[in-house]
Participant: 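Starting off with a structure, shown below.
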Amino acid sequence: MGGIRALEAVGIHPVVCHMNEGHCAFLSIERLHQCMKRHHVDLKTAMEIVPRSTVFTTHTPVAAGHDEFPAFMVRPYLAPLAKLLGTTEDTILSWGQADGAGPDGPLSMFVLAMRMAEHINGVSRLHGRVARNMWSHVWPGIPEDEVPITHVTNGVHPATWVSLEFDLLFNRYLGPEWDLRHSDPAVINRVDAIYDDELWRSHEMSRSRLIRYCRDRMVKQFSRRNAPRALVEEAASVLDQDVLTIAFARRFATYKRAYLLFQDPERLEALVNDPNHPVQIIFAGKAHPKDNEGKDMIKSLVQTIRRPGLRKRIIFLEDYDMAIARHLVQGADVWLNNPRRPLEACGTSGMKAALNGVLNVSVLDGWWAEGYEPSRGWAVGRGEDYRDHQYQDATESKALYNVLENDVIPTFYERRESDTPKRWVKMMKESIKMALADYSSHRMIAEYRDRFYRPSAAKAKTLVADRSAAAKSLVEQHARLKALWPAVRLSTPQRDRSGSMRVGDSFKVSVEVFLGELMPSEVSVELYYGELEDMDALRSGEAVPMGVAKELGGSRYLYECTITCGSAGRYGFTARVLPAGDKRIRFSPHLITWA
Ligand SMILES: *Cc1c(COP(=O)(O)O)cnc(C)c1O
């Protein structure tokens, strides 16, 4: 609220606001207030305007990660706001209460944010799905896959993360402003024209810089702790220039499972010390100051890598920050990520790595569930979800060792005609093309702009034009729908052919709908069909609009549509009525009636 007031004080009146997580959801309350003042409208009208110019992005796939406050605790703070808006504390409270929570239910910042935003999104395709599942209870009657939470996959800012060497290469081969040409495949595909040796040498330069940087940091780390001189000297020569280098750098939250690689210490020791094909691993990270489990994870990792068989090959860098991240995502060969699926909403460090030709080895979670292809990296597992965490750790650590031993290491050390690993470099190029085209922040911003910001800004303008006429008529429409909806009824839909059908066959479905005082133009009647899970449940469905075929009199209408059988299987169908209009109208709570 303070932020919005500060903007107002300096004369900035944002038309659209984008809420990043639920923490800032109260900005909508201040905007409602400002909207009422600016456009001389009542609260109900402002409620038709402000949410339609608000975007809400959620990042957290864990319910416990979303703020909730007991009603008694927030009420005192709501009193002045209620006065501001000319309403009651309970009304404001109810905006943040989940359906069925009751008048004393807690205020959820997520629910408040979601009720205040027409556009809601998660930050990767998989996270969108997880969020729809997590929050489907807030949209009663709406099938989970239709819950209005979409996704915009995150991206990283290329100019911030690209190495000096690769920036030069991209400038030469792709042209100046290569970072802004993410939507031009002709530009992106010029990555293929980079000479393999040139790309590889540029990468080796970054790796060698990384190793010098690690030695520096290690010496400082040990000196700061007054370590014995022998240890400090050893730190000055850790790691090797030409060894396959794996980086694991992130916040040490438990779900990121930094310990996974250590599940079988003997196998790890053999792997890193292989005389012909050795591997070295750089860990970096920090835990949240209040996260004791995370801190314990670091402690146990640091203790484990003190073993004589590991300590020349595995290091831990303290105080992970952007400077360390930059060196790592540029100079490592492999970027390792093994979160417990589906808890990584997106993950972005792997994108920074991919941009620099660092190959991802990752669980199919977050962005990698959509970015992974065998031509540009490796998957640990196949995107399974587990109940038993211990079993999951055991299975996935084995999968990880297997991928490293059977695929990653042999590909890296395969040097046929020259010192350049050809197959590896090919994968680096695929990885770079993927990062430039799909995981750049410029692509992400363009998506927010085209899908949310511009349509919202245009809509806000229309709504307030002509003394907010359009917004006022939405108030009336909402009131009418709410009052008249309980009368809406549908009969059981009927098809015009019985028995089984073949792929390609068409049939007609009709349903009788009683609309009471509502007009057909105010509703959408839809056939909903999909594969049967059992006799009365569909696995997932598809909605097809139905049209009025006949007026039957007495507010009854016959609706029809034609379906063509697209694939084999046992299918079922039903029908439903929803309000006709934009997302805010269509997904009005409780205004959906099923046959
Ligand atoms: C990119 C980055 C992160 C986020 O990485 P994830 O893959 O999302 O865990 C965290 N910290 C720093 C310093 C970074 O550069």
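Every number for a ligand or one of its atoms is a count from 1 in the order of the listing.
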Participant: Taking all non-hydrogen atoms of both residues into account, name the closest pair between G285 and F316 and its distance.
Facilitator: O-CZ, 3.5 Å
Participant: Given H18 and Y453, is the ring-ring contact (aromatic ring centres under 6.0 Å, His included) satisfied, shown in steps?
Facilitator: CA-CA 9 Å; H18 188 165; Y453 302 159; 5.6 Å; yes
Participant: For the residue pair R376 and Y372, would you count it as a cation-pi contact if the rule is NZ or CZ under 6.0 angstrom from the ring centre and within 45 degrees of the ring axis?
Facilitator: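 No - R376 does not lie over the ring of Y372 by the 6.0 Å and 45° rule.
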Participant: Go through ligand 1 atom by atom and flag the ones less than 4.0 Å from a non-hydrogen atom of M322.
Facilitator: 13 (C)
Participant: Quick check on W161 - does any of its heavy atoms sit under 4.0 Å from an atom of ligand 1?
Facilitator: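 Yes.
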Participant: Aromatic contact between H277 and F412, with the criterion being ring centroids under 6.0 Å apart: yes or no?
Facilitator: no
Participant: Look at the aromatic rings of Y439 and W367 and report parallel, tilted or perpendicular, splitting at 30° and 60°.
Facilitator: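 Correct class here is perpendicular.
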Participant: Hey, looking at atom 11 (N) of ligand 1, which of W335, W367, Y320 has the closest heavy atom?
Facilitator: Y320
Participant: Please state whether the rings of W135 and H66 are parallel, tilted or perpendicular, taking 30° and 60° as the class boundaries.
Facilitator: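 Taking H66 first and then W135, their aromatic rings stand perpendicular (interplane angle over 60°).
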Participant: Is there a nitrogen or oxygen of E344 sitting under 3.5 Å from a nitrogen or oxygen of ligand 1?
Facilitator: no
Participant: Counting from 1, what ligand 1 atoms have a heavy atom of G347 closer than 4.0 Å?
Facilitator: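 Within the 4.0 Å cut-off of G347, ligand 1 contributes 7 (O), 8 (O).
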Participant: For ligand 1, which atoms, with element, lie under 4.0 Å from some heavy atom of A325?
Facilitator: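 So the answer, numbered in order with elements, is 15 (O).
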Participant: Nearest protein heavy atom to atom 7 (O) of ligand 1, by residue and atom, and its distance?
Facilitator: S349 OG, 2.5 Å
Participant: Specify the protein heavy atom at minimum distance from atom 14 (C) of ligand 1: its residue, its atom name, and the distance to 0.1 Å.
Facilitator: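 Protein heavy atom at minimum distance: K352 NZ, 2.9 Å.
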Participant: Can you figure out which of D319, D321, T348 has its heavy atom closest to atom 8 (O) of ligand 1?
Facilitator: T348
Participant: Distance only, no hydrogens: is a donor on one side chain within 3.5 Å (strictly under) of an acceptor on the other, for H203 and D333?
Facilitator: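 There is such a pair between these side chains.
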Participant: Taking atom 9 (O) of ligand 1 as the point of reference, which of R250, H59, K256 owns the nearest heavy atom?
Facilitator: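 Nearest heavy atom to atom 9 (O) of ligand 1 lies in K256.
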